[in-house]
S.K.: 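Have a look at this one.
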Amino acid sequence: MAKKYIDVMDTTFRDGFQSVFGGRVLMDDFFPAVEAAKDAGITHFEFGGGARFQSLFFYLQENAFEMMDKFRDIVGPDANLQTLARGINTVMLDTGSRELIDLHAKMFAKHGTTTIRNFDALNDVQNLEYSAECIKKYGLNHEVVVTLMDLPPGCTGAHDVAFYEKTLRGILDSGIPYDSICFKDASGTSSPQKVYETIQMARKLVGDESHIRLHTHETAGVSVACYLAALEAGADGIDLAASPVSGGTSQPDILTMLHAVKGKNYDLGGLEIDKILKYQEVLNDQLKDYFIPPEATQVSPLIPFSPMPGGALTANTQMMRDNGTLDKFPEVIKAMREVVEKGGYGTSVTPVSQFYWQQAYANVMFGPWKQIAPGYGKMVLGYFGKTPVEPDAEIVALAAEKLKLEPTKENPLDIADRDDKKKVSVWKQRLEIEGIETSEENIFIAAACDEKGIAFLKGDSPLNVRKNDETTQGENNSMSNATGNYTVVVDGQKFNVSIAEGNADIQVTPAAAASNEATPAPVASNGEGTDVSAAVNGAVWKILVKVGDKVEQDQQIMILEAMKMEIDINAPVAGTVTSILVGQNDAVDEGQTLAVIG
């Protein structure tokens, strides 16, 4: 009897890169490996979407649409190229308007996509309906998703087989059009038995004709067992990656899974060991200069207590390295349990996983519930849809107080449609003001990436790639090869310094003289008054007051950006702002004086 054919999607170039490198891999450094993967017989790739959309604009000075076009050229017209979308968030961290969700599907269809895997982190079926409609409108395959995880020990109320059956029935009853069904466990914390029972339940509900697949990560150490359980229960497809971006925080390795099914009645994509070995040799050579964080290669038995997705874990630890707070990582993981429990059990996958992380980070750095991370607060207040269970009432009240928002049960799309920053016309006008071509691609880039998207389109975005050699570029690498504009302090006096390679002229000017409206000139403190200090390492995002303003105690005067979250800086005393010692976008250290109140 012929073995059952199992469709294998190679996640190397999307989830693999995200889970190991935080998505920061330059296209010319991996395209030869794509060619090798094609030669190895792989025809189904995850090639974009998710965090691999924004990261190209934020860190790589690359256009994600251009990358997708080139990827399609390499693999040919018949390959199934898949992207990841977050329902009403698409490839953003915030809810998109209906016209942005439509534009997302239109642009991804235009740039080589075959299939969009579409999930909602809250398993709120309403959040999948419009995005599914748009995906099908533009002729794409729609892979609808139920998101999985295990709850921290002692927690109950969601994320069991009955909950997943309720979610799947909701999808079926809603009439959402789909071409396949994926059960997605971004944290890899579901137990093999629960996976088996969930896939078995789904097969009974949808019959033998529907394509069912499982996606998981090795982070908690049970991914291979979960894949075997899924196959035994009737799954038709699984996701695998190639070394060195397999295992650990990523998907199981292709070779490992080929070994695991020896003697079983499964044909994994028609793949052959010798050809995969050649592919992995090319990939290893192409990525040999990239820094692989140690935690990306490890299995963590603590993950089920958090749970932290593989695709977010290394991105967060890398940011902690940048911010000098990596020593706090175990505390943040420990703090996530309470955050998950009180937040209503949304699945720990982007963007909810980032909300969990930000709130846990805030609880560790500032004290439990002293600050509410904006994303977390909006989630418990209902602005992203309905959480699986009701969030903790005290946390909801605290979020309402801190964010000055009322709880809502309104459809998030209706809220987004009223937001001017989510209107195509507004972003088109912004591009016109900046003198940037108003193509649909550029409009979506700007809307999805906000000011960082504008910076990219103007040619002002940074290059931040972590490599092991001396050519590494990034925010926190050695200055030996750095070029650009920097602020330095000499004997307490700030200067703006332009640095260039070779014998180029170096321009040095007092910082005050180089200031402009967008970046207020630092004003020297006279040594009197009360210092306002930075609570964490980060960057100045907004300055809400000016010298001479009268402020009340606890009034918000600045906002820092750290770990993709906004950190409120409040006045410790009432008084008058006598000095502002930083400018917008300045990098600041924990404890650094930002302003003085007299």
S.K.: State, to 0.1 Å, how close Asp253 and Ala242 come at their nearest heavy-atom pair, and which atoms those are.
M.R.: OD1-C, 3.7 Å

S.K.: Taking His215 as the fixed residue, which of Thr11, Asp185, Thr147, Asp15 is the one that meets the side-chain hydrogen bond (donor to acceptor under 3.5 Å, both in side chains) rule?
M.R.: Asp15

S.K.: Side chains of Arg86 and Leu93, heavy atoms from C-beta outward: is any pair under 4.5 Å?
M.R.: yes

S.K.: Using only heavy-atom distances, determine whether the side chains of His211 and Asp7 contain a donor-acceptor pair under 3.5 Å.
M.R.: no

S.K.: Between Glu165 and Arg169 (salt bridge meaning N to carboxylate O under 4.0 Å), is one present in this structure?
M.R.: yes

S.K.: Sequence neighbours excluded, which residues qualify as side-chain contact (heavy atoms from CB on, under 4.5 Å) partners of Glu441?
M.R.: Phe65, Met107, Lys110, His111, Ser439

S.K.: Keeping the roles fixed (side chain from Tyr376, backbone from Val339), state whether a donor-acceptor pair exists under 3.5 Å.
M.R.: yes

S.K.: What heavy-atom pair brings Arg213 and Asp239 nearest, and what distance separates the two atoms?
M.R.: NH2-OD1, 2.9 Å

S.K.: Flag the pair Met149 / Val340 as yes when at least one side-chain heavy-atom distance between them is below 4.5 Å, and no otherwise.
M.R.: yes

S.K.: Please enumerate all residues that pass ring pair (Phe, Tyr, Trp, His ring centres under 6.0 Å) together with His142, with sequence neighbours excluded.
M.R.: none

S.K.: In a check of ring pair (Phe, Tyr, Trp, His ring centres under 6.0 Å) between Phe53 and each of Phe456, Phe58, Phe444, which one passes?
M.R.: Phe444

S.K.: I need the minimum non-hydrogen distance between Ala241 and Gln251, along with the two atoms involved.
M.R.: N-CB, 4.0 Å

S.K.: Within this structure, what is the CG-CZ distance for the pair Leu84 and Phe108, rounded to the nearest 0.5 Å?
M.R.: 9.5 Å

S.K.: For the NZ atom on Lys423, are there more than 12 heavy atoms of other groups (residues, nucleotides or ligands in this structure) within a distance under 6.0 Å?
M.R.: yes

S.K.: I need the Arg14 CZ to Arg52 CZ distance, nearest 0.5 Å.
M.R.: 9.5 Å

S.K.: Quick one: does Gln82's side chain have a donor or acceptor within less than 3.5 Å of a partner on Thr115's backbone?
M.R.: no

S.K.: Excluding sequence neighbours, so at least two apart, what forms ring pair (Phe, Tyr, Trp, His ring centres under 6.0 Å) with Phe183?
M.R.: none

S.K.: Throw together a table of side-chain donor-acceptor distances under 3.5 angstrom for residues 446-455, partners on residues two or more places apart or in other chains.
M.R.:
unit_1: Asp450; atom_1: OD1; unit_2: Lys421; atom_2: NZ; d: 3.0
unit_1: Asp450; atom_1: OD2; unit_2: Lys421; atom_2: NZ; d: 3.0
unit_1: Glu451; atom_1: OE1; unit_2: Arg430; atom_2: NH2; d: 3.0
unit_1: Glu451; atom_1: OE2; unit_2: Arg430; atom_2: NH1; d: 2.8

S.K.: Ring centres under 6.0 Å, that's the criterion: do Phe45 and Phe71 meet it?
M.R.: yes

S.K.: Excluding sequence neighbours, so at least two apart, what forms salt bridge (Lys or Arg N to Asp or Glu O under 4.0 Å) with Asp179?
M.R.: Lys136

S.K.: For Asn127 versus Gly385, what's the shortest heavy-atom pair and its separation?
M.R.: ND2-CA, 4.1 Å

S.K.: I'd like to check the salt bridge (Lys or Arg N to Asp or Glu O under 4.0 Å) partners of Arg203; sequence neighbours left out, ordered by chain and number.
M.R.: Asp236

S.K.: Please examine the side chains of Met201 and Leu168, heavy atoms only from C-beta on, and report whether any two atoms are closer than 4.5 Å.
M.R.: yes

S.K.: Are any non-hydrogen side-chain atoms of Met68 and Thr83 less than 4.5 angstrom apart?
M.R.: yes

S.K.: Would you name the heavy atoms of Gly344 and Pro388 that are closest together and state the gap between them?
M.R.: O-CD, 3.1 Å

S.K.: Got a donor-acceptor contact below 3.5 angstrom from the His217 side chain to the Gly188 backbone?
M.R.: no

S.K.: Determine whether the side chains of Tyr138 and Asp102 contain a donor N or O and an acceptor N or O closer than 3.5 Å.
M.R.: yes

S.K.: Where is the tightest heavy-atom contact between Tyr130 and Arg98, given as atom of each residue plus distance?
M.R.: CE2-O, 3.3 Å

